[in-house]
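Because only heavy atoms are used, hydrogens play no part in the values below, and waters and symmetry mates are left out as well, while side chains stay in. Here is the naming used below: chain letters follow the sequence lines, and residue numbers restart at 1 for every chain.
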2 protein chains.
Amino acid sequence: MRSGGVPTLKDVAAAAGVSVMTASNAVNGRPRVAPATRQRVLDAVDALGYEVNLTARRLRAGRSGTIALAVPRLDHPYFGDLAARFATALAPGGRHLVLEQTGASKEGELTALSQARLQMYDGVLLSVVGLQHADVDRLQGDLPMVLLGERPMPARFDHVMLGNVEGARLATAHLLARGARRVAVVGGALDEEPGVSSTRTQGWREAHEAAGVPVDERLVLPAPALEMAEGRAAVDRALAEGLALDAVFAVTDQVAMGALAALHSHGRSVPGDVQVVGFDALSLGEHLWPALTTVDPRHDLLVEHALRLLDRRASGDRADPEHLVLPVRLLERASTR
Amino acid sequence: MRSGGVPTLKDVAAAAGVSVMTASNAVNGRPRVAPATRQRVLDAVDALGYEVNLTARRLRAGRSGTIALAVPRLDHPYFGDLAARFATALAPGGRHLVLEQTGASKEGELTALSQARLQMYDGVLLSVVGLQHADVDRLQGDLPMVLLGERPMPARFDHVMLGNVEGARLATAHLLARGARRVAVVGGALDEEPGVSSTRTQGWREAHEAAGVPVDERLVLPAPALEMAEGRAAVDRALAEGLALDAVFAVTDQVAMGALAALHSHGRSVPGDVQVVGFDALSLGEHLWPALTTVDPRHDLLVEHALRLLDRRASGDRADPEHLVLPVRLLERASTR
DNA sequence: TTGAAAGCGCTAACAA
DNA sequence: TTGTTAGCGCTTTCAA
């Protein structure tokens with residue numbers, strides 16, 4: 001072993017008095033190694049504290065046991081929750097998740113979205129929030145990859161989408177059924193730019209049409225980065241300007257929390273004066289006061305399908321890509337009547 | 001180029017009519033390449049869509065430009081916030097952060113904490129929350145590594161600690177100065193097991209001693225995983241059992257949110273009946289109702305010092321390891337008087 | 001200024 | 001059952 005360095009398979013082989021190949025076979029539990037030989041190798045492994053060099057294994061064998069989840073932001077609880085679910089689902093198979101930050105396309109911070117980076121993994125789960133069609137289309141090669149989230153993307157990739165429109169429709173219909181007539185959509189967007197804001201605003205609009213309630217576009221309150229502070233500021237401003245509203249559909253739970261803060265500081269009671277629904281079913285919504293009614297995006301199904309599709313590609317399956325839209329459901333809690 | 005595969009440097013060299021070595025020199029901007037040659041190589045790079053294989057580079061050159069932040073949980077906002085800060089700080093240097101989940105020692109989920117995994121990175125920032133001295137002591141080799149968080153750990157590593165005791169003392173002293181006499185420490189622990197709970201409980205105790213207020217150990221309300229639900233349940237139970245308290249020092253903001261929920265459901269006003277202080281300065285605390293007074297753990301300083309120490313090791317410096325304790329400060333907001 | 005050779009640590013394929 | 005050969009894609013060294 002090179003002094004000061006980490007022991008290699010060569011060191012193990014030398015210590016056990018076998019060839020490097022036999023050491024490899026023994027270490028990896030491959031058959032056709034005599035029990036006595038195997039034991040000598042494993043003893044040497046213990047004695048030296050050998051662990052495989054995953055970089056070398058990946059270069060040679062093309063696998064490292066690592067799957068990447070690439071998300072636009074590391075500091076949104078939504079992605080942390082999702083990452084924890086994927087990590088848990090991968091663990092039994094001996095695989096391992098790492099979280100990569102892609103940044104958003106507009107800001108030109110796509111460091112993680114290069115062939116070079118993604119090639120380090122056995123597979124990539126790519127959240128396409130904030131990405132453009134072209135960003136993803138640049139990706140070549142046959143890296144197993146599954147796209148997550150609702151945005152128009154190259155059809156050659158497997159793609160699991162949340163029921164954004166359907167969830168927004170459910171949430172808004174629930175508010176309208178509970179008597180609301182002035183439902184603000186906080187974090188909404190009227191533009192054509194596809195994404196969370198616009199698709200969920202679309203569901204809000206459809207629910208109004210289905211209920212025969214006219215839509216007032218002044219009730220669309222933007223919160224571009226979908227942060228709590230923006231949701232709070234948007235509702236603050238609307239109330240200060242005297243905009244009439246008796247309900248809030250927040251396009252994410254984070255934005256909903258901001259809305260709740262604003263309503264509270266203006267003395268509006270929830271759900272008495274204003275009913276509130278969020279989207280994402282973050283665990284913290286359950287413990288707010290009042291507990292937040294929200295749309296469950298079914299991350300359980302997302303994880304299940306995404307890994308199924310990823311494994312299918314990893315096993316060399318060349319079937320046509322699947323484009324799934326998951327079902328959603330409403331979790332009724334105390335912030336609506 | 002192997003059909004269907006990703007182009008390699010060999011493909012670029014062939015296309016440009018130079019040797020692989022010259023292509024490498026040109027691509028990496030090394031000197032001693034004739035301008036015309038360099039241009040031909042770069043043209044070939046563009047034409048083929050070549051990107052360096054980071055696995056091969058790491059195996060040969062020992063660097064990949066990737067730093068890992070290993071944390072016990074991906075779904076605690078605390079770590080997401082910290083990760084985002086590290087990612088931002090690394091970006092200007094062209095380096096890249098990935099987030100690894102270590103799990104907690106007790107549950108035997110230390111998948112990420114193997115030599116093998118960590119060796120894939122140029123450096124590792126290891127949050128030692130939930131880890132044992134022995135887990136970390138197993139790590140050999142000269143991988144640049146900085147430990148984060150207050151726990152007894154092998155002294156041979158650089159180690160940046162938060163001012164846990166000092167922060168808890170500040171928070172508790174603030175409550176006592178504002179008239180509180182029955183300060184519950186939610187998420188606290190009386191045992192000797194070192195960690196967030198016990199060190200912050202220690203600060204709570206010291207503040208009482210300094211103020212001459214007797215400590216009542218019944219006011220130590222555990223929340224082992226420091227989750228919101230546990231904080232809520234702990235305070236719920238205490239109030240149901242008639243435990244007298246006029247203030248809460250929650251050892252994390254997450255636990256503080258749970259405490260706020262419990263206080264609210266028991267009709268206790270904050271800060272009127274019960275004052276509340278958290279710890280961590282999570283951004284969501286600013287937007288709660290009331291806004292949460294909290295201890296700022298100075299993540300800005302943590303990031304600055306951790307990267308300084310990491311870079312020092314990466315440059316081969318053999319200086320004695322540093323063991324820093326960061327200063328903290330109290331952010332006074334509306335949940336205290 | 002350019003290139004040939006060697007090898008990082010590992011494993012697939014084949015030979016003994 | 002064990003070992004030999006070759007090479008993954010890159011970069012360091014050294015020669016041309």
Side-chain angles (χ1 to χ4, degrees), chain A residues 1-2 4-41 44-45 48-66 115-117 119-120 122 141-143, chain B residues 1-2 4-41 44-45 48-66 115-117 119-120 122 141-143:
Chain A
M1 164 174 19
R2 300 191 336 282
V6 172
T8 71
L9 204 50
K10 200 166 141 191
D11 301 316
V12 172
V18 298
S19 74
V20 173
M21 202 54 236
T22 299
S24 173
N25 286 330
V27 166
N28 290 289
R30 285 189 272 261
R32 303 181 192 197
V33 178
T37 310
R38 182 186 306 278
Q39 195 52 55
R40 261 188 303 139
V41 172
V45 165
L48 296 173
Y50 169 80
E51 290 189 62
V52 66
N53 180 324
L54 290 173
T55 302
R57 173 181 285 173
R58 165 125 200 100
L59 181 61
R60 177 64 239 233
R63 66 194 148 77
S64 62
T66 310
Q115 200 74 271
R117 290 233 86 80
Q119 220 82 38
M120 300 182 72
D122 293 357
D142 41 18
L143 172 71
Chain B
M1 163 173 25
R2 298 192 336 281
V6 171
T8 72
L9 203 49
K10 199 167 141 191
D11 301 316
V12 171
V18 297
S19 72
V20 172
M21 204 50 238
T22 298
S24 173
N25 286 329
V27 166
N28 291 290
R30 286 190 272 262
R32 302 181 192 197
V33 179
T37 309
R38 181 184 308 277
Q39 194 53 55
R40 261 188 303 139
V41 172
V45 165
L48 296 173
Y50 169 80
E51 290 188 63
V52 67
N53 179 324
L54 290 173
T55 303
R57 173 180 285 175
R58 165 127 199 97
L59 181 61
R60 178 65 239 237
R63 65 194 150 78
S64 62
T66 309
Q115 201 73 276
R117 288 233 87 78
Q119 220 82 38
M120 302 183 69
D122 292 357
D142 42 20
L143 172 70

Within the sub-3.5 Å range, which N or O atoms of nucleotides 14-16 of chain C have a protein N or O partner, and how far apart are they?
none

Separation of C/dC10 P from B/Gln115 CD (nearest whole Å) = 12 Å
Option passing side-chain contact (heavy atoms from CB on, under 4.5 Å) with B/Val27 (candidates B/Thr22, B/Val41, B/Val52) | B/Val41
To the nearest Å, give me how far apart CG (A/Asp11) and P (C/dG9) are.
-> 9 Å
Residue list, side-chain contact (heavy atoms from CB on, under 4.5 Å) with A/Ala44, at least two apart or on another chain | A/Val12, A/Ala15, A/Ala16
When rounded to whole Å, the NZ to P distance for the pair B/Lys10 and D/dT11 reads 16 Å
With a 4.5 Å heavy-atom cut-off, do B/Leu54 and A/Gln119 have their side chains touching?
-> no
Hey, does the side chain of B/Ser24 come within less than 4.0 Å of D/dC10's phosphate (OP1/OP2), counting only N and O?
-> no
Scan for salt bridge (Lys or Arg N to Asp or Glu O under 4.0 Å) pairs involving residues 27-41 of chain B, sequence neighbours excluded, and state none if there are none.
-> none
side-chain contact (heavy atoms from CB on, under 4.5 Å) partners for B/Ala34, two or more places apart = B/Thr37
Using the test side-chain contact (heavy atoms from CB on, under 4.5 Å), find all partners of B/Asn53 that sit at least two apart in sequence or belong to another chain.
-> A/Leu59, B/Thr55, B/Ala56
Would you tabulate the pairs of protein nitrogen or oxygen atoms and nucleotide nitrogen or oxygen atoms of nucleotides 2-5 of chain D closer than 3.5 angstrom?
unit_1	atom_1	unit_2	atom_2	d
D/dT2	OP1	A/Thr37	OG1	2.5
D/dT2	OP2	A/Ala34	N	2.9
D/dT2	OP2	A/Thr37	OG1	3.4
D/dG3	OP2	A/Ser19	N	2.9
D/dG3	OP2	A/Ser19	OG	3.2
D/dG3	OP2	A/Thr22	OG1	3.0

What distance separates B/Gln115 CD from B/Met120 CE, expressed to the nearest 0.5 Å?
-> 13.5 Å
Under the side-chain contact (heavy atoms from CB on, under 4.5 Å) rule, collect the residues that match up with A/Val20, sequence neighbours excluded.
-> A/Leu9, A/Lys10, A/Ala13
Does any N or O in the side chain of A/Asn28 come within less than 3.5 Å of the main-chain N or O of A/Ser24, such that one atom is a donor and the other an acceptor?
-> yes
Separation of atom CE in B/Met120 from atom C1' in C/dC10, rounded to whole Å = 13 Å
CZ of B/Arg30 versus P of C/dT1: gap in Å, rounded?
-> 15 Å
Go through residues 56-65 of chain B and report each residue with a non-hydrogen atom lying under 4.0 Å from DNA chain C, sorted by number.
-> B/Leu59, B/Arg60
Only stems of 3 or more consecutive Watson-Crick or G-U pairs count here, both distances under 3.5 Å; name the ones for DNA chain C, or none.
-> C:1-16 with D:1-16
No-hydrogen, no-angle side-chain donor-acceptor test under 3.5 Å, B/Arg58 and B/Thr66 | no
